[in-house]
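Each remark here refers to the structure printed beneath this line.
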Amino acid sequence: MQEGKREVRDIKDDVKETWRKADGEESLGDKLANAGDRLRSGAENLGDEVHEKVDEAGRKLEYERGRADEALDEDIDRR
């Protein structure tokens, strides 16, 4: 899913850049807008990556908690 979002953002930025160049000129405003679009997309991509890593860490933590709880239950049952 992550790569799909990244690709969509890149295509969207490419389309905007092409549209801004359609008049044959690329003004300073166009260049700034393009840079802003790329920075915004980069920040969104980074946010998605961080979110994905946090979710992954949470899943791993819950898995390990489950294993620890099982081990504790087994230990209590043996007593």
Side-chain angles (χ1 to χ4, degrees):
M1 183 67 172
Q2 203 66 336
E3 279 302 310
K5 284 183 175 182
R6 181 183 301 269
E7 289 176 15
V8 167
R9 288 179 184 131
D10 285 343
I11 291 169
K12 185 177 172 184
D13 290 344
D14 290 343
V15 168
K16 286 181 180 180
E17 287 177 13
T18 301
W19 180 255
R20 290 181 183 122
K21 292 179 186 176
D23 63 0
E25 295 180 20
E26 188 176 22
S27 68
L28 179 59
D30 290 341
K31 290 178 182 180
L32 288 172
N34 291 340
D37 289 341
R38 294 292 178 178
L39 285 171
R40 186 177 314 101
S41 292
E44 289 172 353
N45 290 339
L46 179 61
D48 286 345
E49 289 175 23
V50 168
H51 186 240
E52 188 174 282
K53 295 295 182 186
V54 168
D55 283 349
E56 182 180 327
R59 285 191 301 273
K60 286 181 180 179
L61 178 62
E62 287 303 313
Y63 173 77
E64 292 301 326
R65 278 187 185 159
R67 287 180 48 132
D69 287 347
E70 272 184 30
L72 183 61
D73 289 345
E74 288 175 8
D75 189 43
I76 290 172
D77 288 344
R78 284 187 214 144
R79 291 183 185 179

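In this text, all values refer to a predicted model and were calculated from it rather than measured experimentally.
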So, taking the atom named [atom1] in [X] and the one named [atom2] in [Y], what distance separates them when rounded to the nearest 0.5 Å?
X	Y	atom1	atom2	result
Lys31	Lys21	NZ	NZ	9.0 Å
Leu39	Leu32	CG	CG	10.5 Å
Asp14	Glu7	CG	CD	11.5 Å
Arg9	Arg6	CZ	CZ	8.5 Å
Glu17	Glu26	CD	CD	7.5 Å

Inset, instruction - Test Glu56 against Arg59 for side chain to side chain contact (heavy atoms under 4.5 Å, CB included), laying out the working first. - result: CA-CA 5 Å; Glu56 182 180 327; Arg59 285 191 301 273; 3.7 Å; yes
Legend entry - Single-linkage hydrophobic cluster Val54~Leu46, side-chain heavy atoms < 4.5 angstrom: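 Cluster IDs for Val54 and Leu46 match.
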Looking at [Y] and [X], is any side-chain nitrogen of the basic one under 4.0 Å from a carboxylate oxygen of the acidic one?
X	Y	answer
Lys60	Glu64	no
Lys5	Glu44	no
Glu62	Arg65	yes

Legend entry - Heavy-atom check, side chain of Asn34 versus side chain of Arg38, under 4.5 Å: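 Of all side-chain heavy-atom pairs linking Arg38 with Asn34, none is under 4.5 Å.
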Inset, instruction - For Lys16, check side-chain contact (heavy atoms from CB on, under 4.5 Å) against everything at least two apart and list the hits. - result: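 Listed in chain order: Lys12, Arg20, Asp37.
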